[in-house]
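The shown structure was predicted, so the numbers you read here are calculated from the model rather than taken from an experiment. Per chain, numbering begins at 1; letters A, B, ... match sequence-line order.
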Number of protein chains: 2
Amino acid sequence: MRPLFHPAIEDVAPQAILHALSDPARAAIFARITQAGCVNACSAVSALGDRVIPKSSLSSHIKVLREAGLIRCERNGVEMRNHSRCAEVEARFPGLLAAILNAYAGSDAPGAGTP
Amino acid sequence: MRPLFHPAIEDVAPQAILHALSDPARAAIFARITQAGCVNACSAVSALGDRVIPKSSLSSHIKVLREAGLIRCERNGVEMRNHSRCAEVEARFPGLLAAILNAYAGSDAPGAGTP
DNA sequence: CCCATAGTTCGGGATCTCGGAACTTACGGA
DNA sequence: TCCGTAAGTTCCGAGATCCCGAACTATGGG
C-alpha cells in the first residue's frame with residue numbers, strides 16, 4: 001500500500017484542524033501521538049482512558065486527523081506508524097496546537113481520564 | 001425575554017469552542033464581533049465578505065457561539081447586542097482564541113474575503 | 001391599531017457520524 | 001507452502017446533526 005494521502009502543509013486549513021480536534025476522542029488520540037514522541041501504533045491508542053474505541057471508529061478518527069494535516073501515517077509491516085506533524089503545523093499556525101492541547105489539559109486532561 | 005442561557009466560564013469546554021470555530025462562517029462572525037469592540041448587531045454581521053447568510057442560519061450560528069461561551073447576547077430593543085467574551089476565555093484558556101483567529105487570518109482572512 | 005423590523009422556531013432534505021460485520025494485508029509457525 | 005492470527009480498512013444501516021426557506025413572535029414607531 002502506497003503512502004496514503006497527506007495534504008501539503010500549505011494546504012492545511014484551520015477549520016480542518018479545529019474540526020479534527022473538536023472531538024475529545026480525536027484530541028486525545030492526537031495528544032497521545034504527539035506526547036509519545038511522534039510515533040505510535042494505532043492499536044496502542046485504542047485504550048484511551050477507560051473508553052474503548054471500536055476499530056472502525058478509530059480508523060475514521062485517524063483518517064480525519066491525517067486528512068486535516070495533523071499526523072502522518074505510514075505502514076510498518078502489519079502496524080501503522082503515526083507521526084505527529086506538530087512541527088509543521090506549528091510553523092504554519094504558531095501557537096495553535098499548543099493552545100489547544102493546553103486547553104484540553106487544563107480542562108479535563110483528555111489523554112488521562114478523570115477519576 | 002429573559003436573559004438567554006450563557007454558560008459560566010468554568011463550564012466552557014474546549015471542544016465546544018473548537019467546534020464553534022471550526023466553521024469558517026462562525027469564525028468570521030466571532031472575529032468580527034471581537035474586532036468590532038465587543039459590540040455588534042446581529043444583522044450587521046450578516047454581510048460577511050461576499051457571502052449572504054440566511055437569517056435562520058445566522059441565528060443558529062449565534063446560538064452555537066453563545067452556548068459555546070464565546071459571546072454574550074442581550075436584547076437592546078429590537079436588536080441584539082453581541083459582546084465577545086474573549087477576555088474571560090483568554091483567562092481560562094490562554095492563547096487559544098488569539099491562535100485560532102490568527103490561524104484564520106493567516107490562511108485566508110475569513111472576515112474580509114479573498115479578492 | 002397597524003405595520004415594519006429583528007430575530008427565533010419549525011420542518012424536511014442533505015450530510016455526517018458511530019459502530020458492527022466482513023474483507024484485505026502482512027507476518028509467523030508448522 | 002499453507003494456514004492462522006493480528007492490524008486496519010471498507011461497507012452499510014441507524015441515528016444525529018446541519019442547512020435554509022417559511023412561518024411565527026416580539027418590540028417599537030406612526
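- Rounded to whole angstrom, the span from the CZ atom of R26(B) across to the C1' atom of dC20(D) amounts to 14 Å.
- Closest contact between the side chain of H61(B) and the listed nucleotides dG19(C), dC19(D), dC20(D) involves dC19(D).
- Between the CD1 atom of I29(A) and the P atom of dG8(D) there is a distance of 12 Å, given to the nearest Å.
- For D23(A), the side-chain atoms get nearest to dC18(C) when compared with the rest of dC18(D), dC18(C), dC20(D).
- The nearest whole Å value for the distance from the CZ atom in R81(B) to the P atom in dG7(C) is 12 Å.
- Between dG8(D), dA22(D), dT5(C), one nucleotide has an atom nearer to the side chain of V78(B) than all others, and that is dT5(C).
- Between L4(B) and R66(B) the shortest side-chain heavy-atom distance falls below 4.5 Å.
- For H6(A) (side chain) and C73(A) (main-chain N/O), a donor-acceptor pair under 3.5 Å exists by modelled atom type.
- Straight-line distance from the NZ atom of K55(B) to the P atom of dC18(D): 22 Å, rounded to whole Å.
- H19(B) has a side-chain polar atom (N or O) that falls below the 4.0 Å cut-off from OP1 or OP2 of dC18(D).
- Going from atom CD of E79(A) over to atom C1' of dG8(D) covers 11 Å, rounded to whole Å.
- Scanning atom types as modelled, no donor and acceptor separated by under 3.5 angstrom connect the side chain of S59(B) and the base of dG7(C).
- The distance from atom CD1 of I53(A) to atom P of dG19(C) is 8 Å, rounded to the nearest whole Å.
- Rounded to whole Å, the distance from CZ on R75(B) to C1' on dT8(C) is 9 Å.
- Toward the 5′ end of DNA chain C lies the nearest nucleotide of S57(A), the other residue of the pair G77(A) and S57(A) mapping further downstream.
- Between K63(A) atom NZ and dC18(C) atom C1' there is a gap of 14 Å when expressed in whole angstrom units.
- Looking at I100(B) and F30(B), their side chains never come closer than 4.5 Å, going by heavy atoms from C-beta outward.
- Residue S56(B) has its side chain nearest to dC20(D) when only dG19(C), dC20(D), dA26(C) are considered.
- Hydrophobic clustering places L70(B) together with L58(B) (ILVMFWY residues linked when any side-chain heavy atoms are closer than 4.5 Å, directly or through intermediates).
- Residue N76(B) is out of contact with every strand shown, counting any heavy-atom pair closer than 4.0 Å.
- Using a 4.5 Å heavy-atom cutoff, the side chains of M80(A) and R75(A) are in contact.
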